[in-house]
Amino acid sequence: MLAFLIRRISQSVMVLLVMSVLVFVGVFYIGNPIDILIAPDATPAEYARAVKELGLDKPMLDQYWIFLKDAVHGDLGNSFVYNEPALKLILQRMPATMELAVTAMLMAVFIGIPLGMLAGIKHDTMLGRSIMRFSILGFSLPTFWVGLMFIILFSVQLGWLPSGGRGTTVELLGVPVSFLTWDGIQHLILPAMNLALFKTSLAIRLSRAGVQENLQMDYVKFAKAKGLSNTRIIGLHVMKNIMIPVITVLGMEFGGLIAFAVVTETIFSWPGMGKLVIDSIGVLDRPVIVAYLLITVTMFIIINLLVDIIYSILDPRVRLGDHN
Amino acid sequence: MSNELLDIKKLETFFYTRAGIAKAVNGISLSVDKGEIVGIVGESGSGKSVTGFSIMGLVDPPGEIAGGSIKFKGEEIIGQTEEEWRSFRGAKVSMIFQDPMMTLNPVLRIDTQMIEAIRAHEKVSKKEARRRCVETLAMVGIPSPAERIKSYPHQFSGGMRQRVAIAIGLLNKPDLIIADEPTTALDVTIQGQILSEMQTLCRKTGMALIWITHDLTVIAGLAHKVAVMYAGKIIESGNVQEVLDEPLHPYTHGLIGSVPSRNKRGQPLYQIPGMTPSLINIPEGCSFRMRCPHADEICMKEPDETISDNGRMVRCHHPL
């Protein structure tokens with residue numbers, strides 16, 4: 001286990017390093033942020049000063065070296081726009097995104113898995129087929145369009161739920177959260193549903209396939225031959241087997257959920273990281289873009305590590321570090 | 001009180017597939033006495049496993065029991081409610097399957113899978129159930145059962161897993177165990193051990209056993225009675241020694257002839273010509289006539305069961 005962790009962490013550092021090079025080179029060639037930041041009527045002298053101030057006059061390799069040296073000390077540079085540390089800006093927005101992503105994930109797990117299992121058990125009934133049709137819709141409809149439809153239906157037509165913002169937040173362990181106030185929950189429902197739709201469909205498909213596959217297995221027939229009730233066979237024997245792939249896939253998808261939040265946050269003006277990075281890309285705020293991508297990658301790495309550990313707990317046949 | 005435990009009469013189990021009706025079990029009659037070991041022999045697709053599943057009420061759709069009767073201790077079990085079936089399975093009749101790698105749930109510990117089998121039928125404490133599980137594991141020859149019971153299935157070898165499955169079958173002291181080729185997937189040495197242990201267990205507990213196999217040699221040393229199945233029908237049955245020494249049906253004769261033996265070393269083995277007929281399209285008359293060296297016109301008519309005084313049954317117009 002320890003050897004496994006050490007190996008994984010050293011691999012992760014390599015991934016982060018390669019990633020930082022790619023991102024740095026990428027944003028370097030996207031365009032010159034000065035052209036966007038500075039007033040169009042600025043004199044060449046002012047222009048040159050601005051370039052020098054931001055350190056953009058140095059060659060790319062030097063810029064990267066400075067960035068790397070600072071990054072090791074936890075400084076990912078200051079935002080060109082807000083003139084505040086990029087890391088701080090992102091960390092300020094992170095709780096909002098995490099709250100949205102976690103809520104969406106919980107919806108996917110607690111709605112998707114039971115529905116999928118139901119569809120697997122009752123696969124040749126009206127109910128089973130309806131669930132599958134719903135999941136096809138969830139898969140194929142574009143997130144942004146569904147989000148807009150939600151706003152038109154629930155906010156504009158019916159007026160049930162607000163169309164944007166976080167609503168009233170309260171502090172939980174020093175972090176502002178929405179889900180503890182009624183107003184906050186109302187603000188949270190639509191974006192979370194929007195974000196959850198795709199993952200719910202995924203959970204439905206995975207659990208249905210799992211149930212159908214497992215119901216064919218000999219161990220199910222043997223469990224029946226022991227005289228177990230269907231409730232126990234489905235609820236324990238089959239459930240524990242399908243949870244292995246479902247948790248693995250959904251766990252890895254959680255990283256995607258945080259990344260996908262960009263679209264949903266934009267539509268529902270949810271003040272999260274995604275919205276921040278979209279705005280930053282618009283004005284070529286390089287430090288924020290780089291910092292956002294690095295943080296996202298770090299989160300992906302941590303999530304995958306957790307998934308591997310959970311996987312080994314769920315499946316007794318897997319022991320970490322036995323292979324490779 | 002009669003000694004008869006299980007009495008199957010004209011059982012029909014059909015599979016309603018898109019291609020047609022597959023008559024997997026086509027009117028078989030078979031009885032099992034208390035403590036008796038009955039072998040059911042047949043090729044793949046002869047309906048022997050489906051017979052076992054029919055007794056357990058575990059025929060999966062599109063299959064269903066289409067007719068006949070199965071009486072257990074004099075009571076009809078076809079048409080029981082789902083709950084009656086549930087409390088019947090595992091308590092009165094247990095079943096052991098072919099592949100021990102597949103029958104145990106890979107992600108649950110052995111103790112979980114054993115204790116639940118007891119508690120499905122009896123209200124006993126987990127502690128008491130565990131004690132009985134350990135006892136039963138010791139009985140089937142698992143070394144240090146108290147520690148091993150905490151293992152997962154993958155930590156056991158194939159032979160040990162089959163012993164665990166057998167132990168699970170024994171837990172509720174059933175009157176009958178149906179063993180569906182339980183040694184086919186195992187080494188010959190392990191097979192021998194398990195066979196002799198099953199024999200001892202039956203003798204000790206007075207439990208009856210239906211042993212389903214395609215291997216005549218297994219039946220020879222184990223069973224009292226044998227029933228030979230072909231295309232969904234029992235074509236010959238009787239005392240195991242008599243059937244093996246003097247087969248009456250040409251198919252049984254062919255089966256025995258195709259077993260390698262010391263006397264026939266180096267000579268080509270006998271093969272029954274042709275293949276088992278498709279169960280969807282069983283030929284009219286005697287289903288074996290296409291492959292039978294003795295077939296003539298009269299075989300176009302379905303032969304009836306002929307039962308002799310000593311209980312030998314054969315279904316043939318030209319018994320040997």
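A, B, ... follow the sequence lines: proteins, then strands. Residue 1 opens every chain.
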Need one label for B/M95: side chain, backbone, both or neither, based on atoms under 4.5 Å from any heavy atom in chain A. both
What part of B/E83 lies closer than 4.5 angstrom to a heavy atom of chain A: side chain, backbone, both or neither? neither
Presence of salt bridge, B/E82 and B/R86, under 4.0 angstrom: no
For chain A, which of B/I96, B/L108, B/N105, B/L58 has the most heavy-atom pairs under 4.5 Å? B/N105
Which word best sums up how the rings of B/F14 and B/Y16 line up, parallel for under 30°, tilted for 30 to 60°, or perpendicular for over 60°? perpendicular
Give, as side chain, backbone, both or neither, the part of B/F88 having an atom under 4.5 angstrom from any heavy atom of chain A. neither
Max heavy-atom pairs within cutoff under 4.5 Å with chain A, candidates B/P106, B/P153, B/S94, goes to B/P106
Report the C-alpha separation of A/V211 and A/R208 in whole Å, then their side-chain angles, then the decisive distance to 0.1 Å, and conclude whether the side-chain contact (heavy atoms from CB on, under 4.5 Å) test is met. CA-CA 5 Å; A/V211 164; A/R208 182 183 94 120; 5.9 Å; no
Go through the atoms of B/T103 and report whether side chain, backbone, both or neither lie under 4.5 Å from a heavy atom of chain A. both
A/E265 and A/T97: side chain donor to acceptor below 3.5 Å: yes
Using non-hydrogen atoms only, which part of B/I168 is less than 4.5 Å away from chain A: side chain, backbone, both, or neither? side chain
Less than 4.0 Å between a side-chain N and a carboxylate O, is that true for B/E75 and B/K92? no
Taking B/M102, B/E116, B/M56, B/R89 one by one, which has the highest count of heavy-atom pairs under 4.5 Å against chain A? B/E116
Selection from A/K224, A/K226, A/R232 maximising heavy-atom pairs under 4.5 Å formed with chain B: A/K226
Between A/S312 and A/I309, is there a donor-acceptor pair closer than 3.5 Å when you use the side chain of the first and the backbone of the second? yes
When the 4.5 angstrom heavy-atom criterion is applied to B/L104 and chain A, the contacting part is both
With chain B, which of A/L314, A/L236, A/V220 has the greatest number of heavy-atom pairs at distances under 4.5 Å? A/L236
Find out whether B/M207 and B/L5 are in side-chain contact, i.e. whether some heavy atom of one side chain is under 4.5 Å from a heavy atom of the other. no
Could you tell me whether the side chain of B/I110 reaches within less than 4.5 Å of the side chain of B/Q155, counting heavy atoms only? no
